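Here is the structure we will look at, set down as structure tokens.
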Amino acid sequence: MTMILNSTTKSTRCLYHSTISEFIQSKNTEILGELVSSYHGSSLTTTNESWEEEIRILKDVLEAWKNENAHIIFEYAIPRLGKRIDVVLLLKGIVFCLEFKVGKSEALQNDVEQVLDYALDLKNFHLYSGNKPIAPILIPTKHNKSVANIQPSVYNDGISNPIIASEITLKTVIELILESMQCEFDHEQWGQNWIISPYVPTPTIVEAARTLYENHSVEDITKHEADKASTDATINYLLKVIEDSKKSKRKSICFVTGVPGAGKTLVGLDVAIKQTYKDGEKEKDNGAIYLSGNGPLVAVLTEALAQDNQKKCRLKGEQKNLSDSRREVSEFIQIIHRYRDNMLAKIKNPVENGVLEIDPQKARKYKESGYGEVEHIAIFDEAQRTWTHERLALYLKRGGTYGNKLKVPNFPMSEAAFLIWSLDQREDWAVIICLVGGGQEINTGEAGISEWINALNTQFKHWNVFISNKLTEPEYAEGKINELLENNIKVTNSDNLHLSVSMRSFRAESLSSFIHSLLSFNNDAISLYKDIQQKGYPIFLTRNIETARMWLRKNARGTQQTGILVSKVAARFKPQAVNVIAQGDENAVHWFLEDKTDIRSSNYLEEAATEIQVQGLELDYACILWDADMRYNNHTWDFFKFNGKTKWIPENNLNNQKYMLNAYRVLLTRARQGIIICVPNGNPRLNSEGFPEDATRLPEFYDCTYKYFKSIGIEEI
């Protein structure tokens, strides 16, 4: 029997698929041969042995349905998770996700979560599975316990609770599921349609980075529905600027804007990897480096990629230390301060007459690169967060804290200007890509995008400037970009440099618009909230942190991640039994990357992260614990900082107010699948003398904010 393999399998996301009838009639060796030949890379002996067992077991189990119009699919790729489903069985309108643990007798929690993750991924991102019942089954083949009752999920989304079966009980489990999850379906076409159905994932940045780094390609993980924006146009535009700059031996700088969660970091990583790994081989001469001033983001990405790289090497039988993997990853992902310090080590010190110069005693000049770094292309994520001249000069006067402890008195440049200067040392060509978040400056001394423009206008007039057509809007440089660039003749505008659609929340594209309206008191906040709710993105309000914790635990399934978020100015969170994770990038790494068994994990809901630790990263479900630092007052926000002892003090500095507002903007846009805002009741009790028991948490500090959220229509639980 000829199977439908050669012409179709290669173009699908699986290694093998056929009807059940064809599967049963085919020789086991033929099926195994197709799996091995379709596998990318060399399959291991243990993998082949597992496939042999799965084929044997399934042929026996599926004999009863050999005459059904049903399909079997081996190794269906889930790019978002960087994994493959062992077997997908399409039978009587039900999608069975089968995860085999050949030779195992125990059902581990991680394995149950794994198969549930597969089911959730298909439900959310596989178009033809969205309205189909899905049954995740874990199969430790030697499992010796009786079959549990088939329980419908409390989530009412068509996904059954994960079921555990063995090679002996699998047939019985399938029969029970078919009986309990009966549905109507197109008997003739549904199997074929499922196989060719669009798969439109929206990965977290960690998931995306893992897939990019492993495959050196963004294919599959940035695909979006046809009616939604894609990062493809932006990536292609940037690659064209790079190629043109290389051919014409010129310097260029691009400013990419985007709504929160639109994929700016993903674009930067993709360009860095595409330039560094062309045709799968590493290119040193034309490579790119991805830089960020966001320490936690760099630390989390580096550790995630390093751990993933080490695991994959070990699976291949290669010995690799985690430290070696970290070093390899850090070649193209770096904290911006270390990159900056590397160039600082080359300058004449002290600086004379306010002019930076290379000290030929400290640096070697190369024929084409001059005194520049190896990379032609530097990608600066969150470029709006580079430091002002004042902050950088003070930092360098003290001697810094990141790398060489070098003291540089009277430093003459802002960080943006110095970064352009660093690339300008190349004598051939260079490209800078600035990824810009609007309204997301969150730290004192962050210059915003205007500092880049000022440097280009005054010191680097020979650079070609490519800007997003949205860079002129108020959240970027206070809307003064046109004014700043009006005399710069090297400016090109392009709408390809703006990412308008949030990829973070696949359930609610209008989330960022709603958060903007909520914080700005716009009249459309009510209608935007209703729209978001209708699209299935829940936003709830509570006054009880335990209610918030219960909501998070109830909604998160599989390995979906939850966490509590607070602003860095928040001070009275301890009465809510919440601790803020300590500074230090390693703490953010544990908070984001450890699993549910580790008390350092965000999922324990004991430690909260601030905007500093989560900017650029994501959770699935989040609780935003709203403190008394920002209070609603008649369509304005009043800002306060705690004195660390007895009272809140009004914050009147306009820049600090902007940072505090932006902090909540960041916190409210971290969750992909839903948020709950907790505005505490405060403490209304009086002591025996008739004074407030806790004057730092008076109910009036919180009540107006709570009432404002209620007035928008946010539902309370």
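Remember, it's a predicted structure, so these values are computed and weren't measured experimentally.
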Would you find a donor on one side and an acceptor on the other, under 3.5 Å apart, between the side chain of [X] and the backbone of [Y]?
X: Ser517; Y: Phe514; result: no
X: Thr542; Y: Ile717; result: yes
X: His590; Y: Ile599; result: no
X: Tyr529; Y: Ile539; result: yes
X: Asp620; Y: Arg672; result: no

Review point. Any chance CD of Glu390 has more than 12 other-residue heavy atoms, nucleotides or ligands included, within less than 6.0 Å?
Key: no
So, using ring-ring contact (aromatic ring centres under 6.0 Å, His included) as the criterion, who are the partners of [X] when residues are at least two apart?
X: Tyr664; answer: Trp626
X: Trp591; answer: none
X: Trp551; answer: Phe540, Tyr621
X: Tyr706; answer: none

Could you measure the distance from the [atom1] atom of [X] to the [atom2] atom of [Y]? Nearest 0.5 Å is fine.
X: Lys397; Y: Asn410; atom1: NZ; atom2: CG; value: 7.5 Å
X: Leu667; Y: Ile564; atom1: CG; atom2: CD1; value: 12.5 Å
X: Lys596; Y: Arg553; atom1: NZ; atom2: CZ; value: 11.0 Å
X: Cys678; Y: Glu546; atom1: SG; atom2: CD; value: 9.5 Å
X: Glu113; Y: Leu120; atom1: CD; atom2: CG; value: 11.0 Å
X: Thr696; Y: Arg572; atom1: OG1; atom2: CZ; value: 3.5 Å

Review point. Looking at the rings of Tyr632 and Phe521, which for Trp means the six-membered one, are their centres under 6.0 Å apart?
Key: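 Ring centroids of Tyr632 and Phe521 are less than 6.0 Å from each other.
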Identify, with sequence neighbours excluded, every residue that meets side chain to side chain donor-acceptor pair (under 3.5 Å) alongside [X].
X: Asp595; result: Thr597
X: Asn655; result: none
X: Asn349; result: none
X: Asn681; result: Arg543

Heavy-atom pair with the smallest gap, counting every atom of [X] and [Y]:
X: Leu519; Y: Trp637; answer: O-NE1, 2.9 Å
X: Thr669; Y: Arg665; answer: OG1-O, 2.9 Å
X: Leu392; Y: Ser414; answer: CD2-C, 3.8 Å
X: Leu552; Y: Gly563; answer: CD1-O, 4.1 Å
X: Trp452; Y: Phe380; answer: CH2-CD1, 3.7 Å

**Study point:** Residues which pass salt bridge (charged side-chain N to carboxylate O under 4.0 Å, His left out) with Asp638, listed by chain and number, not counting sequence neighbours
**Key:**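 Asp638 satisfies salt bridge (charged side-chain N to carboxylate O under 4.0 Å, His left out) with no residue once adjacent residues are dropped.
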**Study point:** Partners passing salt bridge (charged side-chain N to carboxylate O under 4.0 Å, His left out) against Glu715 (at least two apart in sequence or in another chain)
**Key:** none
Practice item. Please lay out, stage by stage, how Leu435 and Ser292 fare under the test side-chain contact (heavy atoms from CB on, under 4.5 Å). Key: CA-CA 10 Å; Leu435 309 174; Ser292 175; over 6 Å; no
Hey, can you pull the donor-acceptor pairs under 3.5 Å for the side chains in residues 576-583, sequence neighbours left out?
{"from": "Asn579", "atom 1": "ND2", "to": "Glu607", "atom 2": "OE2", "distance (Å)": "3.3"}

Check your understanding: Applying salt bridge (charged side-chain N to carboxylate O under 4.0 Å, His left out), which residue pairs with at least one partner in residues 622-632 are found, sequence neighbours left out?
Key -> none
Practice item. For Phe418 and Phe411, run ring pair (Phe, Tyr, Trp, His ring centres under 6.0 Å): C-alpha distance rounded to whole Å, both residues' side-chain angles, the deciding distance at 0.1 Å, then the answer. Key: CA-CA 10 Å; Phe418 180 63; Phe411 192 76; 5.4 Å; yes
Point to revise | Verdict with supporting geometry, Val569 and Asn656, side-chain contact (heavy atoms from CB on, under 4.5 Å) | key: CA-CA 11 Å; Val569 181; Asn656 289 341; over 6 Å; no
Exercise for review: Output, in order, the C-alpha distance, side-chain angles, deciding distance and verdict of side-chain contact (heavy atoms from CB on, under 4.5 Å) for Phe640 and Glu651.
Suggested key: CA-CA 5 Å; Phe640 296 84; Glu651 174 56 78; 5.9 Å; no
Exercise for review: Go through the steps to decide whether Arg670 and Leu617 satisfy the test side-chain contact (heavy atoms from CB on, under 4.5 Å), and finish with yes or no.
Suggested key: CA-CA 7 Å; Arg670 290 310 93 192; Leu617 293 160; 5.8 Å; no
